[in-house]
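Keep in mind that the numbers below use all heavy atoms, side chains included, and drop hydrogens, waters and symmetry copies. In what follows, every chain begins at residue 1, and chains take the letters A, B, ... in the order their sequences are listed.
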There are 2 protein chains.
Amino acid sequence: MEICKFCSKRSSAAKHLGNDELEKLGHSCVEVSFEKGDIIFKQNALSSNIIYVREGLVKIHMAGPEREQILKIAKGPSYLGIPTTIGDKVNNYSATALTKTEVCFIDIHIFKDFISTNSEFAYEIIVNLCKNELGHFHRCVNQLQKQSSGRVAETLLFFADEIFKTDTFDLPLSRHELGDLTGNSRENVSRILSDFNNEGLINISGKSIQILNKEKLFMISRNG
Amino acid sequence: MEICKFCSKRSSAAKHLGNDELEKLGHSCVEVSFEKGDIIFKQNALSSNIIYVREGLVKIHMAGPEREQILKIAKGPSYLGIPTTIGDKVNNYSATALTKTEVCFIDIHIFKDFISTNSEFAYEIIVNLCKNELGHFHRCVNQLQKQSSGRVAETLLFFADEIFKTDTFDLPLSRHELGDLTGNSRENVSRILSDFNNEGLINISGKSIQILNKEKLFMISRNG
DNA sequence: ACTAAAATGTGATATAGATCACATATCATA
DNA sequence: TATGATATGTGATCTATATCACATTTTAGT
């Protein structure tokens with residue numbers, strides 16, 4: 001098993017692993033492929049693996065008191081659900097593939113082992129957790145304080161700039177999911193997208209989106 | 001300097017430090033006392049210390065696009081702002097004392113040093129970060145989905161159960177701050193508290209609060 | 001290719017909660 | 001203890017956004 005040794009998508013933490021450690025990792029690591037819509041792990045199930053997304057787009061979501069809440073869109077390569085695997089026995093949230101996704105399941109014991117024996121690895125994991133938490137703080141405050149069109153505008157820019165790195169792309173979410181992500185009703189998302197379309201900020205047809213006026217969209221995202 | 005060696009409020013991570021490590025920590029650690037209202041660290045300032053709250057109540061808050069957002073109420077003993085010290089050069093949020101607070105400033109270098117040389121310490125920090133993040137996810141979803149009276153009810157129960165461990169206590173926040181914490185306007189917080197009072201759920205007089213009907217308050221917190 | 005199911009668009013209506021306006025109470029400091 | 005400043009309570013609006021209702025489009029399974 002040399003899959004990890006020659007993996008081209010190693011995490012910044014795994015870059016600190018030596019050859020023998022990578023070999024060990026390769027032995028206790030399972031590679032799985034998920035299709036769009038497949039559940040990678042489920043809230044309330046026992047959490048026993050660290051998940052590493054080699055490639056693909058994943059939504060992290062949680063059942064809230066009223067409806068499903070999408071907490072985050074994660075793009076490989078990145079770790080997934082370290083907090084819920086280490087912080088609790090049970091998954092506090094679910095992860096579902098939004099596109100075809102390549103995932104490695106890493107046994108929690110070997111992960112702990114690396115943390116214990118390789119301080120550079122441990123430190124990278126800590127940095128990773130810290131950055132994630134900061135990102136999440138910002139996202140949360142934005143969600144809480146911006147108004148709905150601002151949240152939708154922000155999300156469109158997020159997909160363009162962070163995920164697809166182009167202004168023309170296919171939305172990987174339904175209107176309903178976009179609502180769960182931005183804290184809007186399905187109907188409101190439709191309306192806001194229509195408005196953006198009519199004002200010439202975007203060009204939308206089904207899921208395919210083209211951003212036409214990034215500056216104005218950014219202004220809307222900024223000022224609520 | 002033996003303040004850490006004989007400290008009665010050591011963190012779960014610091015319990016894994018040996019005598020010589022504690023001595024080292026004692027040398028590069030400064031103890032400071034803050035009064036109610038004092039700023040412990042400020043958003044956008046350079047972050048160069050890990051802060052450990054030995055005793056006291058602290059609010060973590062962040063300037064949002066519309067208003068100030070209180071992200072969390074932290075109670076000593078606990079670490080404060082590990083994410084912002086390790087995850088960024090600059091503080092992503094502020095911390096302000098809500099009561100008289102005893103704080104230790106720990107040099108980031110010695111902290112990193114412990115992470116590198118003491119794997120148990122590192123692992124405890126990781127567990128801590130993970131649990132914090134899970135807590136924050138839950139708080140965020142609650143904030144986003146519950147309606148205002150639910151958020152206020154939840155906060156009252158939080159103070160009673162988690163912070164003061166009694167049903168009669170003095171609110172350490174103004175109505176305005178309670179709004180910043182629960183995402184309500186100052187006026188709305190007043191109204192909600194008055195309602196709770198009139199319905200006999202609580203007894204309120206200024207900042208002093210007595211919870212009379214915990215079950216019903218819990219129901220309100222649950223069902224929005 | 002056909003049909004049921006699911007997703008989407010859009011108007012009308014309802015409402016939670018913000019904002020405004022002002023009265024009252026409490027606090028801090030000279 | 002007097003006095004300005006700050007915090008709080010409460011009614012009257014106003015508005016963003018949810019909800020409802022239904023038409024239309026798209027998708028998936030046979």
Side-chain angles (χ1 to χ4, degrees), chain A residues 35-38 59 64-70 98 142-156 170-199 202-209 220-221 223-224, chain B residues 35-38 59 64-70 98 142-156 170-199 202-209 220-221 223-224:
Chain A
E35 294 301 318
K36 178 184 168 159
D38 288 351
K59 67 169 176 178
E66 294 292 316
R67 75 193 98 85
E68 197 70 12
Q69 179 74 42
I70 298 181
L98 293 175
N142 279 334
Q143 284 276 71
L144 287 168
Q145 296 192 6
K146 282 184 186 171
Q147 46 191 56
S148 48
S149 53
R151 269 140 37 204
V152 173
E154 187 184 30
T155 302
L156 294 179
D170 281 355
L171 263 181
L173 300 172
S174 70
R175 300 293 188 269
H176 192 101
E177 286 175 307
L178 214 52
D180 288 343
L181 176 62
T182 61
N184 282 300
S185 66
R186 197 212 92 224
E187 294 95 322
N188 216 30
V189 171
S190 276
R191 259 186 279 266
I192 291 165
L193 289 177
S194 292
D195 288 353
F196 286 173
N197 190 57
N198 295 338
E199 288 162 30
I202 61 173
N203 201 327
I204 193 165
S205 152
K207 308 233 145 148
S208 95
I209 289 217
I220 292 172
S221 150
N223 309 318
Chain B
E35 294 300 319
K36 178 185 167 158
D38 287 352
K59 67 169 176 178
E66 294 292 315
R67 76 194 96 87
E68 198 71 13
Q69 180 74 41
I70 299 181
L98 293 174
N142 278 334
Q143 284 276 72
L144 287 168
Q145 295 192 7
K146 281 183 187 171
Q147 46 192 56
S148 47
S149 53
R151 267 137 43 202
V152 173
E154 187 184 29
T155 302
L156 294 180
D170 282 355
L171 261 180
L173 300 173
S174 70
R175 301 293 189 270
H176 191 100
E177 287 175 307
L178 213 53
D180 288 342
L181 176 61
T182 61
N184 282 301
S185 65
R186 198 211 91 225
E187 295 94 324
N188 217 30
V189 172
S190 277
R191 258 186 279 265
I192 291 165
L193 289 177
S194 293
D195 289 352
F196 287 173
N197 190 56
N198 295 338
E199 288 162 33
I202 62 173
N203 201 327
I204 192 165
S205 152
K207 307 232 146 148
S208 95
I209 289 216
I220 292 173
S221 150
N223 310 318

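With values rounded to the nearest 0.5 angstrom, Asp195(A) atom CG is found 8.5 Å from Ser149(A) atom OG. Taken from CG in Leu156(A) to OG in Ser221(A), the straight-line distance is 9.5 Å, to the nearest 0.5 Å. Atom CG in Leu173(B) sits 6.5 Å away from atom CG in Leu181(B) (nearest 0.5 Å).
Within 4.0 Å of Ser190(A), counting heavy atoms only, lies at least one base atom of the nucleic acid. Base engagement by Ser185(B) is indicated by at least one non-hydrogen atom pair under 4.0 Å involving a base atom. Backbone-only contact: Ser194(B) has heavy atoms under 4.0 Å from sugar-phosphate atoms and none from a base.
Between the CZ atom of Arg151(A) and the C1' atom of dA18(D) there is a distance of 12 Å, rounded to whole Å. Atom CZ in Arg186(B) sits roughly 11 Å away from atom C1' in dT6(D) (whole-Å rounding). Between the P atom of dG9(D) and the CG atom of Asp195(B) lies a distance of 12 Å, rounded to the nearest Å. Per the geometry, CZ belonging to Phe196(B) stands 14 Å off P belonging to dG9(D), to the nearest Å. One interatomic measurement links the two molecules: CG of Asn197(B) to P of dG9(D), which rounds to 10 Å at whole-angstrom precision. Separating the CG atom of Leu144(B) from the C1' atom of dT17(D) is a distance of 15 Å, rounded to the nearest angstrom. Distance Glu187(A) CD to dA16(D) C1': 15 Å, rounded to the nearest Å. To the nearest angstrom, C1' of dT8(D) lies 13 Å from CG of Leu171(B).
Every residue two or more places apart in sequence or in another chain that forms a salt bridge (Lys or Arg N to Asp or Glu O under 4.0 Å) with Glu154(A) is listed here: Lys146(A). For the side-chain contact (heavy atoms from CB on, under 4.5 Å) test, residues two or more places apart in sequence or in another chain that qualify with Asp180(A) are Arg67(A), Glu68(A), Ile70(A), His176(A). With sequence neighbours excluded, the residues that form a salt bridge (Lys or Arg N to Asp or Glu O under 4.0 Å) with Glu177(B) are Lys59(B). Applying the side-chain contact (heavy atoms from CB on, under 4.5 Å) rule to Arg175(A) yields the partners Leu171(A), Arg186(A), Val189(A), Ser190(A), Leu193(A), Ile204(A); only residues at least two apart in sequence or on another chain are considered. Taking Gln143(A) as the reference, nothing meets the side-chain hydrogen bond (donor to acceptor under 3.5 Å, both in side chains) condition, with sequence neighbours excluded. Remark: Asp38(A) pairs with Phe34(A), Glu35(A) by the side-chain contact (heavy atoms from CB on, under 4.5 Å) rule, at least two apart or across chains. A search for side-chain contact (heavy atoms from CB on, under 4.5 Å) contacts involving Asn203(B) returns Asn197(B), Gln210(B), Leu212(B), not counting sequence neighbours.
In this structure, the side chain of Ser185(B) engages the main chain of Asn188(B) through a donor-acceptor pair within 3.5 Å.
Of the residues in residues 175-184 of chain A, those with a non-hydrogen atom less than 4.0 angstrom from any atom of DNA chain C are Arg175(A), His176(A).
Look at Lys207(B) and you'll find a side-chain N or O under 4.0 angstrom from OP1 or OP2 of dT8(D).
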Note, DNA chain D 5' to 3' with Watson-Crick or G-U pairs under 3.5 Å encoded as ( ), [ ], | and . gives ||||||||||||||||||||||||||||||

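Checking Arg191(A) against Asn188(B), the closest nucleotide of DNA chain D that is more toward the 5' end is the one next to Asn188(B).
Within a 6.0 Å radius of NZ in Lys207(A), other residues, nucleotides and ligands contribute more than 12 heavy atoms.
The nucleotide range of DNA chain C contacted by chain A, defined by atoms under 4.0 angstrom from heavy atoms of the protein and reported 5' to 3', is dT8(C) to dA12(C).
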